[in-house]
Amino acid sequence: MEVITMKKWLLAAALTLGAGAAWADDVPRSVDQTVARWNQALNQGRVDELMHLYAKDAMVLLPDGKVIKDPREIRRFWEKVLAARHGRFEVDVNDVLSAKGDTVVSTLRWTNVDGELKYAYDGVIYNVFKKQADGTWKAQAQRWN
């Protein structure tokens, strides 16, 4: 999928979900809690925990434009990322673009922390989080750029 196509998709999703609409205070807090779970799993190098943060039918759009939907491929992606890491990674909520009902569209900032140095990457991660039946929020669609 081309980058421009994905950006159009995200914009359409945000507009459909009512970008700029007011949302309940617990939704952004829930996203922060979900991101904290991502950070814990990343910093402990626990791929199994990372996989539990994706919805069953999740898709990940990689920086090279490849779309992966198979959980085994998503697992391999994370195994490679974690094997090549220096220091630790952090993701932080950059912005909540839209929150409505059981769906939140947000951007995350990806940072590598190596000792005293923090390297923030130019790109952001776009996430569409969906609230699950058990009340947790999981990544339904994720776009790395």
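Please read all numbers here as calculations on a predicted model, not as lab measurements.
Every residue was checked against the salt bridge (Lys or Arg N to Asp or Glu O under 4.0 Å) condition with E79, not counting sequence neighbours, and none meets it. Scored by the side chain to side chain donor-acceptor pair (under 3.5 Å) test, W78 finds Y54 as partners (sequence neighbours excluded). By the salt bridge (Lys or Arg N to Asp or Glu O under 4.0 Å) test, R46 pairs with E49, sequence neighbours left out. Among residues two or more places apart in sequence or in another chain, the salt bridge (Lys or Arg N to Asp or Glu O under 4.0 Å) test is passed with D134 by none. For D57, the side chain to side chain contact (heavy atoms under 4.5 Å, CB included) test picks out A55, Q140, with sequence neighbours left out. Residues that satisfy the salt bridge (Lys or Arg N to Asp or Glu O under 4.0 Å) test with K130, not counting sequence neighbours, are D102.
A heavy-atom distance below 4.5 Å is found between the side chains of I74 and M51. When side chains are defined from C-beta on, T103 counts as touching V128, because their heavy atoms get closer than 4.5 Å.
For the atom pair CG of L61 and CH2 of W144, the computed distance is 12.0 Å after rounding to the nearest 0.5 Å. Of the inter-residue distances, the one linking L82 atom CG with L50 atom CG reads 6.0 Å to the nearest 0.5 angstrom. To the nearest 0.5 Å, atom OG1 of residue T34 and atom CG of residue N39 are 11.5 Å apart.
Contact between A58 and A139 at its shortest, heavy atoms only, is CB-O, 3.4 Å. Here the closest heavy-atom approach between residue M59 and residue V67 is recorded as SD-CG1, 4.3 Å. Of all heavy-atom pairs between F129 and S106, the closest is CE1-OG, 3.4 Å. Shown here for G101 and W137, the closest heavy-atom pair between the two residues is O-CH2, 3.8 Å.
Residues Q40 and W38 bring no donor and acceptor atom of their side chains to less than 3.5 Å of each other.
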* Could you go step by step and tell me if V105 and Y126 meet the side-chain contact (heavy atoms from CB on, under 4.5 Å) rule? -> CA-CA 7 Å; V105 178; Y126 293 89; 5.7 Å; no

* Derivation of the side-chain contact (heavy atoms from CB on, under 4.5 Å) call for I125 and Q142 -> CA-CA 7 Å; I125 305 167; Q142 190 175 68; 3.6 Å; yes

* To do: Would you check, one step at a time, whether the test side-chain contact (heavy atoms from CB on, under 4.5 Å) holds for T107 with N127?
  => CA-CA 6 Å; T107 58; N127 275 296; over 6 Å; no

* Which is it for R75 and D48 under the salt bridge (Lys or Arg N to Asp or Glu O under 4.0 Å) test, yes or no, and what are the steps along the way? -> CA-CA 8 Å; R75 174 181 288 282; D48 288 341; 2.8 Å; yes

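When atom types are taken as modelled, the side chain of R143 and the backbone of L62 share a donor-acceptor pair closer than 3.5 angstrom. For K138 (side chain) and Q132 (main-chain N/O), no donor-acceptor pair under 3.5 Å exists by modelled atom type.
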